[in-house]
Amino acid sequence: MGALKGNETGTALGETAPGASGPTGTPAGTPTGTPAAGRLAGRTALVTGGSRGIGRGIAERLGRDGARVAVHYGSNAAAAKDTVAAIERAGGSAFAIGAQLGAPGDAQALWSAFDAHADGLDILVNNAGIGTSRPFADTDEAEFDRLFAVNAKAPYFITQLGTERLRDGGRIINISSGLSRAAVMPDIMTYAMTKGALDVFTRNLSKVLGPRGITVNSVAPGVVDTDVNAAWLRGEENKEAWAGAAALSALGKVGTVEDIADVVAFLASPDGRWVTGEWLDATGGSLA
């Protein structure tokens with residue numbers, strides 16, 4: 001869940017489907033987790049696919065918590081610029097970096113852009129991803145390779161090069177999907193397979209980097225209200241789809257980007273220091 005289709009900012013069940021131009025509002029009385037101003041002060045974060053949707057929500061939340069945020073984008077420089085401006089309006093600090101993921105040399109290009117603005121990293125959020133609407137029988141090799149290149153290979157090598165910059169005691173948070181644990185949408189199994197690979201990477205990397213005090217975790221969203229999902233989720237004509245998505249959750253609602261960003265913020269904070277190698281279900285009980 002998360003998004004059925006997407007671009008370099010995430011997609012599908014439990015994924016960081018890039019979404020709305022900004023975090024959606026939360027109804028009054030709904031616990032959202034109040035940002036602890038300054039608890040990430042002095043730290044630098046990088047959010048891949050951070051210009052839209054869940055990625056933007058994460059970038060803005062980490063900025064409110066005091067981190068200096070690198071907002072990565074693949075092709076939408078205007079959206080990244082807007083996200084940076086939003087973080088700065090809220091009193092935070094951010095900068096945009098562009099690199100098209102899934103292409104040869106993508107990880108090196110991303111870090112070269114990052115190094116022009118910062119000299120080290122404390123928090124890495126691998127959020128960028130793409131989705132597919134093609135079922136098993138219709139997925140060709142090019143589609144298969146494209147999904148794995150962006151959703152699994154890119155995070156692997158971004159992280160590999162990133163560990164040279166990541167300070168001891170840092171955080172790595174990978175945005176997974178509820179689809180990696182449940183066959184809720186078997187027609188997009190190729191996408192789910194990429195997220196399963198990311199989860200295996202998360203568990204094993206936690207052992208590799210644990211001696212440095214670096215935690216590594218996955219966060220798995222469910223269906224989230226973002227602009228990537230808007231075509232099938234929002235509007236009067238999609239009332240039944242919205243109701244069906246809400247019914248999947250034990251809480252009877254469609255997730256917001258804040259719901260996911262708050263979970264990521266916990267893992268990125270000092271409060272998350274004793275959690276590593278874990279897959280956190282942030283589907284609102286959709287898999288219960």
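Everything numeric in this text was worked out from a predicted model, so none of it was measured.
- Listed by chain and number, the residues in a side chain to side chain donor-acceptor pair (under 3.5 Å) with Asp281 are Thr283 (sequence neighbours excluded).
- In the displayed structure, Phe148 atom CZ is contacted under 6.0 Å by more than 12 heavy atoms of other residues, nucleotides or ligands.
- One finds the NZ atom of Lys207 at 12.0 Å from the CG atom of Leu205 (value rounded to the nearest 0.5 Å).
- In terms of heavy atoms, Leu179 sits closest to Ala192 at O-CB, 3.5 Å.
- In this structure a side-chain-to-backbone donor-acceptor pair under 3.5 Å is present from Trp111 to Ile158.
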#### Entry: side chain to side chain contact (heavy atoms under 4.5 Å, CB included) assessment of Trp279 paired with Thr202
CA-CA 8 Å; Trp279 183 89; Thr202 296; over 6 Å; no
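- To the nearest 0.5 Å, atom CG of residue Leu147 and atom CE of residue Met193 are 10.0 Å apart.
- Hydrophobic clustering of Ile, Leu, Val, Met, Phe, Trp and Tyr side chains at less than 4.5 Å, counting indirect connections, unites Ile54 with Phe266.
- A donor-acceptor contact shorter than 3.5 Å links the side chain of Ser249 to the backbone of Gly284.
- For the pair His117 and Ile97, the minimum side-chain heavy-atom distance is below 4.5 Å.
- Considering only heavy atoms from C-beta on, Ser112 stays 4.5 Å or farther from Asp115 through its side chain.
- Expressed to the nearest 0.5 Å, how far CZ of Arg146 lies from OG1 of Thr132 amounts to 6.5 Å.
- Note that CG of Asp199 is 8.5 Å distant from CG of Asn174, once rounded to the nearest 0.5 Å.
- What you find for Ala128 and Thr48 is that their closest heavy atoms are N-OG1, 2.9 Å.
- More than 12 heavy atoms of other residues, nucleotides or ligands shown are found within 6.0 angstrom of CD on Glu237.
- When every heavy atom of Arg181 is checked against every heavy atom of Leu287, the shortest pair comes out as CB-CD1, 4.4 Å.
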### Message
Using side chain to side chain contact (heavy atoms under 4.5 Å, CB included), reason through Leu267 and Thr215 one step at a time and then give a plain yes or no.
### Response
CA-CA 8 Å; Leu267 292 172; Thr215 66; over 6 Å; no
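- The structure places CG of Asp106 at 9.5 Å from CZ of Phe157, a figure rounded to the nearest 0.5 Å.
- The only member of Arg171, Arg165, Arg167 that meets side-chain hydrogen bond (donor to acceptor under 3.5 Å, both in side chains) when paired with Asp122 is Arg167.
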### Task
Start with the C-alpha distance between Val219 and Asn217, add both sets of side-chain angles, then the distance that settles side chain to side chain contact (heavy atoms under 4.5 Å, CB included), and finish with yes or no.
CA-CA 7 Å; Val219 173; Asn217 293 286; 5.7 Å; no
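- Judged by distance alone, the side chains of Ser269 and Asp65 never bring a donor and an acceptor atom under 3.5 Å apart.
- The CD1 atom of Ile175 sits 10.0 Å away from atom CG of Leu280, with the distance rounded to the nearest 0.5 Å.
- Side-chain N or O atoms of Arg61 include none that pairs as donor or acceptor with a backbone N or O of Val264 at under 3.5 Å.
- A donor and an acceptor atom, one from each side chain of Ser51 and Asn76, are nowhere located under 3.5 Å apart.
- Counting heavy-atom neighbours within 6.0 Å of Glu164 CD, excluding the residue itself, gives a total above 12.
- Residues meeting the side chain to side chain donor-acceptor pair (under 3.5 Å) test with Arg68, sequence neighbours left out: none.
- Using the six-membered ring where Trp is involved, Phe95 and Phe114 have ring planes that are tilted, between 30° and 60° apart.
- Of the possible donor and acceptor atoms, none in the side chain of Asp225 sits under 3.5 Å from a partner among the backbone N and O of Val257.
- A continuous path of hydrophobic side-chain contacts links Val208 to Leu166 [ILVMFWY only; heavy atoms under 4.5 Å].
- Using a distance-only test at 3.5 Å, with no hydrogens or angles considered, a donor-acceptor pair links the side chain of His72 to the main chain of Gly49.
- Of all heavy-atom pairs spanning Arg43 and Arg39, the tightest one is CZ-O, 4.4 Å.
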### Task
List the steps, then state whether side chain to side chain contact (heavy atoms under 4.5 Å, CB included) holds for Val71 with Val47.
CA-CA 6 Å; Val71 178; Val47 181; over 6 Å; no
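- Heavy-atom minimum distance, Ala152 versus Thr194: CB-O, 4.2 Å.
- Phe144 and Ile188 fall into different hydrophobic clusters, defined by Ile, Leu, Val, Met, Phe, Trp and Tyr side-chain heavy atoms under 4.5 Å apart, directly or through other members.
- Nearest heavy atom pair, residue Ala45 against residue Leu62, reads CB-CD1, 3.9 Å.
- If you chain together hydrophobic residues whose side chains sit under 4.5 Å apart, Val254 and Leu251 never meet in one group.
- If you chain together hydrophobic residues whose side chains sit under 4.5 Å apart, Val216 and Leu161 fall into the same group.
- Residues Thr83 and Tyr73 form no side-chain contact, since every pair of their non-hydrogen atoms from C-beta on lies 4.5 Å or further apart.
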#### Entry: Criterion salt bridge (charged side-chain N to carboxylate O under 4.0 Å, His left out) on Asp82 and Arg56, from CA distance to verdict
CA-CA 10 Å; Asp82 188 54; Arg56 174 169 176 160; 2.8 Å; yes
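- Asp259 and Thr256 are linked by a side-chain donor-acceptor pair at a separation below 3.5 angstrom, with hydrogens and angles left out of the test.
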